[in-house]
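First the structure, in the form of C-alpha cells, and then the observations on it.
Owing to the predicted nature of the structure, the values given are computational and were not obtained by experimental measurement.
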Amino acid sequence: MINSITIEEFLQKAEKLPVLDARAPKEYETGHILQAQSFPIFTDDERAIVGTSYKQQGHDPAVLLGLDLFGPKMSQFVKEATKIAPDKEVLLHCWRGGMRSGAMAWLLSFASFKVHLLQGGYKAYRHFIQEQFTKPRPKLILSGFTGSGKTDILPYMQQLGQQTIDLEGLANHKGSSFGSIGMPTQPTTEHFENLLGTELLKLSDQQPVWFEDEGETIGRVKVPHEFYINMQQQPTIVIDVPKPLRVTKLANEYCRIDKTLLEAAILRIKKRLGGLATQEALTAIETGDMEKMVEIALTYYDKAYHYQLKPKQQVLTLPLQSINPEENAQQIVAFAKTNNLI
C-alpha cells in the first residue's frame, strides 16, 4: 500500500515511524530531514551516470538504465527495510517525490510494506523549513562581550520557563577564530537551516524566543538572511560582565586546549591584532600565560563587539558582577520582566 501525504503529516508520523531517504549519499550529507536514514536507491556514481544519460539521451533511456541499476539490488533493499521497520510501515522520500521514491515505494509495497510517500519530496520539506524563518514571532537577543558566558546562561533560562535556541550549538561553532576548537564538524548551511527550522517548530510563536547575539555567519555556516535581519530589529539585552571575570573564564577554558590550536586561532586574526600583539600572544601561549593571551585577543573581540551592536534598534544594558550562569539567568529574566519584554 502506498499513501501520499503532505509534509505536515509526514513530520507528524516521523515521530513514530522510520524515515527512508532514497536520495544519493552526497545529497543526504548536504542536508536531510532530521529523523531520516540514508537509504539510497543509487550510489553517487550511479546517480551521475543516470543524470548524464537523461541529459544526453532523454527520459526513456535514462529510465531503462536506472532500472538496470535498481533491479539487482531489489532483494537487498527489502531485507534492509525489514530490519529497519519490522512492522513493515515506513515513511519515504527522494528529492521531488519522483522516480526514485516512486520505484522504491513500488518495491516495498510489493513486499507488503505500508509506505507513506512525501508529496513533493525533500524539496517540499526545504520549502516548509524556510517558511519558518519568515514567520512573525517575538524574539529577544542576549548580547555581551566575548567571555560573558552567554551560551552557558541559555539552559538556565529554559529552566525559568523561557524559550531559547542555541545557534552556536546547532552550528557546532562558538562564533570566533577560536570557535571551532573542541567542537564537532560543522553542518552544511543547508542542514543548519534544517536544524534551526526544526527547533522553531517545537516552540510557541506567542512567547518570545531568546537567541544569543551572532554575526550572519557562525564559522562556515550562514544564518538565513531574512531571519538574521529580523534579529537585528529585536530588543537586545547586553550583559556587561567585568573584563577580569571574562579573562579568567576564557583562560581557564583555553589552558586545557592544545597549544597548536590556539596558535592557529591567533594567526587567523593576525591582521586585526597587528604584528607585535600577535607575537606577544604567541609567546604567551608558548609560556602558558593564558590570561595574557586572552587579554590580547579580547582587544580585538571587544572592538568587534561594539561594531556588531551599531545596527541594533533597541539596546538595554544589564551590569552583572558574576560569571555564574544560573545567577545571571535569574537576573536577565527579572530585568526583561521589569522592562516589559516578557
Side-chain angles (χ1 to χ4, degrees), residues 2-44 46-48 50-51 54-55 66 90-105 115-137 139 165-173 184-203 205 209 211 214 216-231:
I2 301 174
N3 178 30
S4 180
I5 59 176
T6 65
I7 182 59
E8 290 86 357
E9 294 174 287
F10 193 92
L11 291 176
Q12 191 173 16
K13 288 182 178 296
E15 295 175 10
K16 296 180 180 178
L17 296 175
V19 180
L20 306 182
D21 185 335
R23 299 175 304 148
K26 281 185 180 177
E27 294 175 282
Y28 180 88
E29 289 168 12
T30 299
H32 55 267
I33 296 174
L34 269 56
Q35 300 92 331
Q37 302 180 53
S38 183
F39 200 78
I41 192 168
F42 298 132
T43 65
D44 293 321
E46 289 171 342
R47 175 179 172 246
V50 173
Y54 183 85
K55 288 178 183 177
V90 296
L91 296 158
L92 175 67
H93 74 86
C94 63
W95 167 234
R96 284 181 299 194
M99 287 186 289
R100 287 182 289 178
S101 58
M104 187 68 78
V115 181
H116 303 282
L117 194 59
L118 175 57
Q119 295 171 10
Y122 179 72
K123 189 175 181 180
Y125 168 76
R126 286 288 296 156
H127 283 309
F128 181 69
I129 286 293
Q130 289 168 332
E131 284 173 2
Q132 308 312 311
F133 306 138
T134 56
K135 280 186 176 178
R137 64 167 70 234
K139 303 179 185 72
I165 292 181
D166 180 3
L167 294 175
E168 292 182 356
L170 298 181
N172 290 339
H173 199 282
T185 303
Q186 284 198 270
T188 63
T189 290
E190 179 178 310
H191 197 59
F192 171 77
E193 290 180 356
N194 293 348
L195 293 165
L196 175 56
T198 300
E199 289 300 306
L200 289 169
L201 283 166
K202 296 176 185 176
L203 303 178
D205 57 7
V209 182
F211 296 90
E214 303 290 348
E216 192 165 2
T217 57
I218 308 174
R220 294 190 304 272
V221 165
K222 189 171 183 181
V223 178
H225 181 69
E226 286 186 57
F227 190 82
Y228 172 76
I229 295 300
N230 183 257
M231 284 178 64

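Looking only at side-chain heavy atoms (C-beta outward), L118 and E9 stay at 4.5 Å or farther from each other. Side-chain contact between L167 and L196 is present, with at least one heavy-atom pair separated by less than 4.5 Å. Put simply, the side chain of L20 does not reach to within 4.5 Å of the side chain of M104, judged on heavy atoms. Inter-residue side-chain proximity for L200 and R137 is flagged as met; some heavy-atom pair is nearer than 4.5 Å. Looking at R100 and R47, their side chains come closer than 4.5 Å, going by heavy atoms from C-beta outward. Under the 4.5 Å side-chain criterion, counting only non-hydrogen atoms from C-beta, Q35 is not in contact with L91.
Taking each heavy atom of A24 and P40 in turn, the nearest pair found is CA-CB, 4.1 Å. The minimum heavy-atom distance between A22 and L92, with the atom names listed, is CB-CD1, 4.1 Å. The two atoms that bring F10 and H93 nearest to each other are CZ-CD2, 4.1 Å, heavy atoms only. Here the closest heavy-atom approach between residue S101 and residue L117 is recorded as CB-CD1, 3.6 Å. Residue G31 comes nearest to T188 through the heavy atom pair N-OG1, 4.5 Å, listed as atom of the first residue, atom of the second, then distance. Nearest heavy atom pair, residue N194 against residue R126, reads OD1-NH1, 2.9 Å.
Rounding to the nearest 0.5 Å places CD of E214 at 4.0 Å from CD of E168. Taken from CH2 in W95 to CZ in R23, the straight-line distance is 7.5 Å, to the nearest 0.5 Å. Within the model, atoms CG of L170 and CZ of F192 stand 5.5 Å from one another, a figure rounded to the nearest 0.5 Å. Separation of atoms NZ (K13) and CG (N3) is listed at 7.0 Å; rounding is to 0.5 Å. Interatomic distance, CD of E190 versus CD of E27, reported as 9.5 Å (0.5 Å rounding).
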Would you check, one step at a time, whether the test ring-ring contact (aromatic ring centres under 6.0 Å, His included) holds for Y125 with F128?
CA-CA 5 Å; Y125 168 76; F128 181 69; 7.5 Å; no
Any chance you could lay out the side-chain contact (heavy atoms from CB on, under 4.5 Å) test for K135 and D205, step after step, and finish with the verdict?
CA-CA 9 Å; K135 280 186 176 178; D205 57 7; 5.7 Å; no
For a side-chain contact (heavy atoms from CB on, under 4.5 Å) check, start with the C-alpha distance between K123 and H127, then their side-chain angles and the critical distance, and finish with the verdict.
CA-CA 6 Å; K123 189 175 181 180; H127 283 309; 4.1 Å; yes
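Remark: E29 does not engage K26 in a salt bridge, criterion side-chain N to carboxylate O under 4.0 Å.
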Going by atom type alone, with no hydrogens or angles, which donor-acceptor pairs under 3.5 Å involve a side-chain atom of residues 220-227 and a protein atom two or more places apart or on another chain?
unit_1: H225; atom_1: ND1; unit_2: E216; atom_2: OE2; d: 2.7

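Shown here is F133, whose CZ atom has more than 12 heavy atoms of other residues, nucleotides or ligands within 6.0 Å. At most 12 heavy atoms of other shown residues, nucleotides or ligands fall within 6.0 angstrom of atom CZ in R96.
Judged by distance alone, with hydrogens and angles left aside, the side-chain atoms of Y122 form no donor-acceptor pair with the main-chain N or O of D21 at under 3.5 Å. Although no hydrogens or angles enter the test, the distance criterion places no donor-acceptor pair under 3.5 Å between the side chain of S38 and the main chain of P25. A donor-acceptor contact shorter than 3.5 Å links the side chain of N172 to the backbone of T185. With hydrogens and angles ignored, the 3.5 Å screen pairs a side-chain donor or acceptor of Q186 with a backbone N or O of I218.
A side-chain contact (heavy atoms from CB on, under 4.5 Å) with T198 is found for exactly one of I129, L11, I33, namely I129.
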